Amino acid sequence: MSASKDLSKYRDDFPILSKQMNGKPVAYLDSASSAQKPQIVLDTINDLYHSSYANIHRGLYSFSQSTTEAFEAVREKVAHLINAASKDEIIFTRNTTDAINLVASSWGEANLSEGDEVIISEMEHHANIVPWQFLEKSKGITLKIIPVLDDGTLDFEAFKTLLSERTKFLGLVYISNALGTINPIEDYMKAAKAHNPDIITLIDGTQAVVHKPVNVQKIGCDFFTFTGHKLYGPNGIGVLWAKSDLIDAMPPYQGGGDMIDKVSFKSGTIFKDGPAKFEAGTPPIAEVIALGAAIDYVQEIGLDHIAAHEEDLRQFMQSELETIEGLKFYNPTENTAAIASFTADWAHASDIAMILDQCGVAVRTGHHCCMPLMERYGIDATVRGSLGLYSNKDDIMGLVNGVKKAKEMLG
């Protein structure tokens with residue numbers, strides 16, 4: 001990782017961070033839920049609707065042609081971002097949840113049978129749990145769970161014992177949205193493929209692409225997903241990367257316009273090849289193009305510089321919060337990214353968050369769409385402070401002072 005450099009000038013690129021919340025300067029520490037948007041992303045959306053918006057892949061007029069070119073150029077940007085072999089391996093979805101549902105509904109329905117085993121972990125987001133539970137009920141598959149250790153890491157030795165001759169699929173989160181744990185996913189991919197090279201693997205990379213460089217070819221997975229709104233892009237756009245042979249073999253997920261080559265009542269329907277087969281209907285055009293602007297933005301700064309900046313701040317946040325008595329932390333002390341997740345023995349997480357709100361500090365509390373993980377720790381919620389490239393020490397001290405105030409009021 002490159003040495004940290006001063007990213008303070010980039011904070012001015014985010015107009016919302018100059019606003020106040022409850023009469024206080026905003027300390028936005030909920031980037032793991034959804035990141036704020038730089039001016040270039042806002043301008044990209046605005047400019048498209050003002051200058052050349054049209055539906056894509058259909059019109060022969062100039063607006064449609066130029067918008068189609070801008071839309072398809074983002075496929076190349078995404079491929080470069082995650083080091084995919086080809087832009088033709090990039091499928092646009094609504095978000096990561098949509099992408100995982102696509103895999104479960106298309107690949108899963110076509111390839112899994114009763115008694116086949118799918119392995120996921122105890123720290124997965126609900127998006128990588130519920131679609132496989134659907135297949136438990138509809139197809140009779142067996143869902144196996146990698147346990148989480150007390151220190152917030154996955155039990156790799158336990159994972160190896162879960163592998164069997166019936167294992168068909170492994171789905172694993174790269175970085176936990178609730179804990180910040182950075183899983184050694186290459187080790188898991190190697191172990192799975194060594195056990196059986198036909199095991200299909202998926203990585204939920206939603207938090208990873210925001211905080212560090214990603215190389216899907218080096219990781220060795222078959223599917224990789226992420227969502228745009230956490231990568232400083234707009235809502236409503238996500239990405240599924242899939243190896244080309246899987247794209248070719250998988251049946252369509254949804255039917256409609258733009259994913260067909262020919263529709264006939266007499267001879268049936270012929271579908272398009274490549275990612276278009278999974279992109280039915282008018283897509284989120286402005287959102288895709290704005291995602292391209294967000295990718296350009298973070299790559300100009302440098303994901304390695306962003307990672308170093310966030311790690312410096314994470315260590316500062318952790319050390320300052322540890323000075324407050326009665327806090328229990330659930331994020332690992334090592335191999336963790338941009339998150340502090342904690343409870344207090346003197347107040348519930350929601351009560352702390354309400355006081356933080358009055359102090360102008362935005363954090364997330366609750367189960368973070370990871371209810372099985374919360375159940376494993378015997379809690380119903382944590383306070384989660386999460387960082388972005390625009391975060392600074394003033395934000396963190398706002399959090400620390402706000403928690404101290406909450407302790408004075410509630411402790």
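Only a predicted model underlies this, so the values are computations on that prediction, with no experimental measurement involved. Just the heavy atoms: all of them, side chains too, but no hydrogens, waters or symmetry mates, feed the values below.
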Can a side-chain donor-acceptor contact be found between [Y] and [X] if the only test is distance below 3.5 angstrom?
X    : Y    : result
H348 : D380 : yes
T206 : T96  : yes
Q318 : N331 : yes
S34  : H229 : yes
E69  : Q65  : no

Keeping the roles fixed (side chain from [X], backbone from [Y]), state whether a donor-acceptor pair exists under 3.5 Å.
X    : Y    : result
R58  : I56  : yes
R384 : S341 : no
S386 : S31  : yes
T225 : L240 : no
H50  : N46  : yes
Q20  : V26  : no
S64  : G59  : yes
S18  : P15  : yes
H195 : S164 : yes
N183 : V173 : yes

### Query
Just wondering, more than 12 heavy atoms not from E375 lying within 6.0 Å of its CD?
no

### Query
Is the number of heavy atoms from other residues, nucleotides or ligands within 6.0 Å of CD1 (I16) greater than 12?
no

Cationic N near anionic O, under 4.0 Å, [X] to [Y]:
X    : Y    : value
K277 : D261 : no
R11  : D395 : yes
K87  : E76  : no
D198 : K168 : no
E279 : R75  : yes
E114 : K139 : no
D150 : R376 : yes

Minimum heavy-atom distance between [X] and [Y], given as atom pair plus value:
X    : Y    : result
H211 : A338 : CE1-CB, 3.5 Å
C370 : M123 : SG-O, 4.0 Å
P284 : I237 : CG-CD1, 4.2 Å
D116 : S113 : OD2-N, 2.7 Å
G233 : V41  : CA-CG1, 4.4 Å
I145 : E122 : CG2-N, 3.6 Å

Given the side-chain rings of [X] and [Y], with only the six-membered ring counted for Trp, is the space between their centroids under 6.0 Å?
X    : Y    : result
H368 : H125 : no
Y330 : Y377 : yes
F14  : Y390 : yes
F71  : F92  : yes
F169 : W132 : yes
Y53  : F63  : no

Pairwise distance [atom1]([X]) to [atom2]([Y]) - rounded to 0.5 angstrom:
X    : Y    : atom1 : atom2 : answer
I141 : E136 : CD1   : CD    : 6.0 Å
M259 : F278 : CE    : CZ    : 8.5 Å
L327 : L321 : CG    : CG    : 6.5 Å
N95  : E287 : CG    : CD    : 12.0 Å
T93  : L102 : OG1   : CG    : 7.5 Å
D222 : K243 : CG    : NZ    : 4.5 Å

### Message
salt bridge (Lys or Arg N to Asp or Glu O under 4.0 Å), that's the test. Do K272 and D258 meet it? Break it down for me.
### Response
CA-CA 8 Å; K272 287 182 178 178; D258 215 28; 3.4 Å; yes

Evaluate the side-chain proximity of [Y] to [X]: yes if any heavy-atom separation is below 4.5 Å, no if none is.
X    : Y    : result
V216 : I203 : no
T142 : V118 : no
V361 : L29  : yes
C359 : N401 : no
P332 : D151 : no
V239 : I91  : no
F316 : K393 : yes

### Message
Ring-plane angle category for H126 and H367, please: parallel below 30°, perpendicular beyond 60°, tilted otherwise.
### Response
tilted

### Task
Please work out which of the three classes, parallel, tilted or perpendicular, describes the rings of F224 and Y174, given edges at 30° and 60°.
perpendicular

### Query
Looking at F342, does the NZ or CZ of K328 lie under 6.0 angstrom from its six-membered ring centre and within 45 degrees of the ring axis?
no

### Task
Apply side chain to side chain contact (heavy atoms under 4.5 Å, CB included) to L154 and Y188, showing your working.
CA-CA 10 Å; L154 291 179; Y188 283 87; 3.2 Å; yes

### Query
Given the rule in the side chain to side chain contact (heavy atoms under 4.5 Å, CB included) test, do T336 and T333 qualify, once you have shown the distances and angles that lead to the verdict?
CA-CA 7 Å; T336 185; T333 56; over 6 Å; no

### side chain to side chain contact (heavy atoms under 4.5 Å, CB included) between K77 and H80, worked out
CA-CA 5 Å; K77 292 179 181 182; H80 178 69; 5.7 Å; no

### Task
Given side chain to side chain donor-acceptor pair (under 3.5 Å), test S121 with E124 step by step and report yes or no.
CA-CA 6 Å; S121 84; E124 298 305 313; 2.6 Å; yes

### Query
Passes side chain to side chain contact (heavy atoms under 4.5 Å, CB included), L389 versus Y10? Steps please.
CA-CA 8 Å; L389 71 88; Y10 296 104; 3.9 Å; yes

